Protein chains: 2
Amino acid sequence: MTETRVERKERTRRAILDAALELCEGQPLAALSLRQVAKQVGIVPTAFYRHFESIDQLGLALVDESFSSLRSLLKAARTFDSPPANDRALFLAVVDNSVKALVTHVPKADRHYRFIARERLAGSATVREAVRHQLELIERELATDIARVPGAGRWSGDDLLILANLLVNAMLSHAEELALAGGRADVVRRVESTARRQLHMVLIGALSWDSSR
Amino acid sequence: MTETRVERKERTRRAILDAALELCEGQPLAALSLRQVAKQVGIVPTAFYRHFESIDQLGLALVDESFSSLRSLLKAARTFDSPPANDRALFLAVVDNSVKALVTHVPKADRHYRFIARERLAGSATVREAVRHQLELIERELATDIARVPGAGRWSGDDLLILANLLVNAMLSHAEELALAGGRADVVRRVESTARRQLHMVLIGALSWDSSR
DNA sequence: GTTCTCGGTGTACAGACGTACACCGAAACT
DNA sequence: AGTTTCGGTGTACGTCTGTACACCGAGAAC
């Protein structure tokens with residue numbers, strides 16, 4: 001059983017990421033020591049440096065990992081083979097797809113999202129910035145998609161961003177709750193219906209909104 | 001210059017709270033050591049125990065302190081000597097008052113709110129629970145106030161809570177941004193207008209909402 | 001005026017921390 | 001086949017951690 005060197009390196013790298021994620025549960029990354037992580041992985045402390053130059057860099061890797069799948073998933077939820085006829089039906093379909101994507105995906109990677117929730121505001125400056133950046137990308141992608149809806153002509157660019165911000169914040173708080181639920185079916189169902197109803201309210205209200213008052 | 005014993009105790013207690021709040025900037029409470037706090041205050045490490053039995057208990061005290069003024073402030077923003085005539089005007093007035101309360105109060109106690117933002121999800125289990133509890137109180141108080149609006153009759157109890165949840169989450173995210181802005185006037189103004197516009201959108205939409213679809 | 005209470009002090013210790021350094025052995029390169 | 005690369009090891013250090021213990025001195029209680 002010989003193992004190529006890159007394979008082996010990748011394997012322990014993964015082990016470090018997993019160990020950090022596990023040890024992090026219920027405490028911020030900054031409260032984690034290099035030695036704890038190393039012990040959990042089963043390597044000597046100094047070997048950690050072969051993979052990351054600091055706990056902080058490890059955090060950045062975890063942020064990238066967490067967001068990579070989510071963004072493509074959300075974008076996919078908003079693209080249709082045959083888009084619904086009117087704006088109202090389109091909005092409702094988008095909401096349903098997005099919410100469904102969220103409730104199926106987040107519980108599957110809940111440790112990652114608990115990590116994001118914690119580090120978003122409590123992490124080191126660089127980690128916080130990385131999370132903020134990813135969320136801003138999601139927000140902008142959403143705003144562009146909304147702008148493509150025919151009836152959105154009455155909306156100013158500012159109002160589009162403000163609306164997208166409202167929606168992303170709402171989804172974020174639901175994602176956090178889902179992540180904390182640890183996959184409990186009743187909580188997942190409750191969050192799903194709450195999220196759907198909230199987004200319906202906002203978007204149905206938005207349809208009758210006119211930026212020029 | 002004699003000082004009564006309770007006065008002196010209260011004074012160092014305050015000094016400990018302030019020191020913790022200051023040392024916390026940019027890092028979670030859990031990453032703080034008892035010795036750091038003691039050094040900042042200018043007392044010997046063991047003297048800390050005369051006031052708090054752990055860093056965690058100190059955290060709970062900070063949570064209480066942070067929320068005490070906010071809740072009464074928000075409630076006050078929703079009570080009128082002479083309430084506006086129609087629902088729409090009432091909603092707009094409530095939004096204006098609440099947003100104004102937020103943007104004047106949060107920057108004045110921004111260190112407390114940065115602390116809350118960090119610890120809400122990254123703190124120890126007991127601190128997290130304390131924050132969650134306070135937010136839930138705010139949410140329920142808001143729901144009861146909305147229910148009193150005459151035109152809210154069409155709203156089911158569930159939908160009221162869902163709406164309140166949406167509003168509080170939006171305000172929370174704006175409070176976080178305000179706290180992080182550190183009082184920079186341009187940011188404060190931008191957040192103020194964003195918040196007002198978002199809440200207008202939601203509440204104006206809500207007026208045409210009917211829980212029975 | 002004597003005694004008690006209690007916030008704050010100083011010393012002391014065992015353990016965990018980050019990291020520097022020299023080293024090993026097998027995969028990878030030539 | 002000989003040499004280089006590099007992930008992982010083991011030791012060793014100075015520093016910081018929480019906390020136990022004995023002690024002090026001034027305000028409070030009697």
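Please read all numbers here as calculations on a predicted model, not as lab measurements. Below, chains carry the letters A, B, ... as their sequence lines are ordered, and counting in each starts from 1.
- Atom CZ in B:Arg35 sits roughly 13 Å away from atom C1' in C:dT9 (whole-Å rounding).
- In terms of phosphate contacts, A:Ser33 brings no side-chain nitrogen or oxygen within less than 4.0 Å of OP1 or OP2 of C:dA16.
- Computed from coordinates, the B:Lys9 NZ to D:dG27 P distance equals 17 Å when rounded to whole Å.
- Atom-to-atom, NZ of B:Lys39 to C1' of D:dG18 comes out at 15 Å; the value is rounded to the nearest Å.
- Both B:Pro45 and A:Gly42 sit near DNA chain D, but only A:Gly42 has its closest nucleotide nearer the 5' end.
- Between A:Thr46 and D:dG10 there is no side-chain N or O to OP1 or OP2 distance below 4.0 Å.
- The interatomic distance linking B:Tyr49 (OH) with D:dT17 (P) rounds to 12 Å, in whole Å.
- Within a 6.0 Å radius of CZ in B:Arg184, no more than 12 heavy atoms belonging to other residues, nucleotides or ligands are found.
- Rounding to whole angstrom units, CG of residue A:Leu34 and C1' of D:dG8 are separated by 14 Å.
- A donor N or O paired with an acceptor N or O is not found under 3.5 Å between the base of D:dG7 and the side-chain atoms of A:Arg8.
- The CD1-C1' distance, from B:Ile16 to C:dG7, rounds to 10 Å in whole Å.
- Nucleotide D:dG8 holds its P atom 14 Å from the CD atom of A:Glu7, rounded to whole Å.
- Note on ring orientation: taking the six-membered ring where Trp is involved, the planes of B:Tyr113 and B:His105 are perpendicular (angle over 60°, cut-offs 30° and 60°).
- Checking each of A:Val94, A:Leu203, A:Leu90 against A:Val149 for a side chain to side chain contact (heavy atoms under 4.5 Å, CB included) leaves exactly one that passes, namely A:Leu90.
- Looking at A:Arg71, A:Arg78, A:Lys75 one by one, the single match for side-chain hydrogen bond (donor to acceptor under 3.5 Å, both in side chains) with A:Glu141 turns out to be A:Arg71.
- Taking side-chain N and O atoms only, A:Thr12 has a distance below 4.0 Å to OP1 or OP2 of D:dG8.
- Distance from the side chain of B:Thr4 is smallest to D:dA28 among C:dT9, D:dG10, D:dA28.
- Interface remark: the B:Arg5 side chain does not form any donor-acceptor pair with the C:dG7 base, using a distance-only criterion of under 3.5 Å.
- The CZ atom of B:Arg50 sits 12 Å away from the P atom of D:dA20 (whole-angstrom rounding).
- Scanning all heavy atoms of the two residues, the minimum distance from B:Leu60 to B:Val127 falls at CD2-CA, 3.9 Å.
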